[in-house]
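For ligands, and for the atoms within them, numbers begin at 1 and follow the listed sequence. None of the values given here were measured: they were computed from a predicted structure.
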Amino acid sequence: MAKKAIGIDIGGTGIKGALVDVRTGTLLSERLRYATPEGGSPKEIAAVLRDLNSHLPKAAGLPVGICFPAVVKDGVTKSAANVSKEWIDLDADRLFEKELKRTVHVLNDADAAGLAEAKYGAAKNTKGLVVVVTLGTGIGTALIYNGKLIPNAELGHLEIDGVDYESKAAYLAKEREGLSWDQWAQRLQKYFGKLEAYLTPDLFIVGGGVSKEHEQFLPLLKLKTRIVPATNRNSAGILGAAYWAKKHTTD
Ligand code: BGC
């Protein structure tokens, strides 16, 4: 089994990458960060990846995992909630492989964050159902059952009060509407309350940049399920993507 892999995390504002020790979940290189091109078209993002890749270790056969904010089925991006619509039904594995000239494995960004928590973080050795929720530009969700990922859960788009609730409860909504922690927590209460009613999880993990301020909002939520912040914050996508690539590579 490969011990090292490259993880790349494509987000709405930044594209980050590093070399990862996949046994321990630690970064073995500096974390490189580039701004995501305005509009986020496939061609422009692929060009940024080529640049980023040229600054990462070149060892032949090093697995490369890339996470992206969309449903990803067999390397094909199938949705585009907060990114260019050009990604819908695009063979992202092939696009990036052409650009980077190496084999890659693309997966959903919240799934990568979920894997990072399951393998190296707050869900390590947790039995039962763990629901990882990332609060950022959108709401990403990952379902982990007995340590295994059930890919492409898109529970950020639950319809509540007649709207796609991502538009109300994502961190972007708090920023956009200037909500206080208390006001935002009321929306999160509604959202997590629904998830709890539908799934009866054993643990909720909250990720995304805002999770470093978890003390401001997690204590305001009244749920039956334990809810904790993610332990892998800025690097969650990188770690999960690297782990995913390793898992799909035999050596
Ligand atoms: C997308 C998900 C993604 C999440 C977080 C949502 O809008 O539909 O695929 O995981 O945002 O980026």
Side-chain angles (χ1 to χ4, degrees), residues 7-17 33 35-42 45 48 65-93 96 105-118 121 123 130-144 149-160 163-176 184 187-188 191-192 194-195 199 204-212 229-230 232-241 243-244:
I8 298 176
D9 178 358
I10 302 176
T13 53
I15 299 178
K16 299 171 282 189
R33 187 183 191 282
T36 305
E38 192 82 29
S41 76
I45 287 189
V48 173
I66 302 175
C67 70
F68 189 81
V71 171
V72 185
K73 202 101 178 135
D74 302 324
V76 176
T77 43
K78 307 291 282 182
S79 67
N82 295 301
V83 290
S84 156
K85 300 292 174 230
E86 288 176 54
W87 287 96
I88 297 175
D89 287 329
L90 185 120
D91 191 336
D93 269 7
F96 294 141
H105 301 276
V106 181
L107 79 161
N108 170 264
D109 59 351
D111 282 351
L115 281 174
E117 292 306 314
V130 180
V131 181
V132 181
V133 177
T134 64
L135 301 168
T137 309
I139 297 182
T141 55
L143 299 181
I144 309 282
L149 173 72
I150 303 164
N152 289 314
E154 282 286 321
L155 300 168
H157 300 293
L158 272 188
E159 190 178 312
I160 305 176
V163 295
D164 174 344
Y165 214 62
E166 169 178 280
S167 66
K168 292 278 184 197
Y171 180 60
L172 180 68
K174 176 184 186 303
E175 294 282 276
R176 194 180 47 226
W184 189 46
R187 296 187 183 182
L188 292 176
Y191 178 68
F192 281 97
K194 281 275 187 238
L195 283 184
L199 297 169
F204 280 126
I205 298 178
V206 179
V210 70
S211 65
K212 68 176 180 295
N232 299 293
R233 293 188 187 137
N234 279 332
S235 303
I238 294 176
L239 297 179
Y243 176 83
W244 183 254

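Numbered from 1 in the order shown, with element, the atoms of ligand 1 that lie under 4.0 Å from a heavy atom of Asn108 read 2 (C), 3 (C), 9 (O), 10 (O). Annotation for ligand 1: atoms under 4.0 Å from non-hydrogen atoms of Gly140 are 4 (C), 5 (C), 10 (O). Within ligand 1, counting atoms from 1 as listed, the ones closer than 4.0 Å to a heavy atom of Asn82 are 7 (O). Less than 4.0 angstrom separates some heavy atom of His157 from each of these atoms of ligand 1: 1 (C), 6 (C), 7 (O), 8 (O). In summary, the atoms of ligand 1 found under 4.0 Å from a heavy atom of Ala81, numbered by their order in the structure, are 7 (O), 8 (O).
At the top of the distance list for atom 7 (O) of ligand 1, counting protein heavy atoms only, stands Glu166 OE1, 2.7 Å. In terms of protein heavy-atom proximity, atom 9 (O) of ligand 1 is closest to Glu154 OE2, 2.6 Å.
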Begin with the C-alpha distance, continue with both residues' side-chain angles, and end with the deciding distance and a verdict on side chain to side chain contact (heavy atoms under 4.5 Å, CB included) for Thr134 and Ile139.
CA-CA 6 Å; Thr134 64; Ile139 297 182; 5.9 Å; no

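Of all the listed residues (Ile139, Asp109, Asp111), Asp109 holds the heavy atom that lies closest to atom 3 (C) of ligand 1.
Heavy atoms of Ala70 come nearer than 4.0 angstrom to ligand 1 in at least one pair.
With a 4.5 Å cut-off on side-chain heavy atoms, Arg33 and Thr13 count as touching.
Residue contacts with ligand 1 for Thr141 are absent, since no atom lies close enough (heavy atoms, distance under 4.0 Å).
When all heavy atoms of Ala81 and His157 are compared, the closest pair comes out as CB-CE1, 3.7 Å.
Phe68 and Trp87 have tilted rings, their planes meeting at an angle from 30° to 60° on a 0 to 90° scale.
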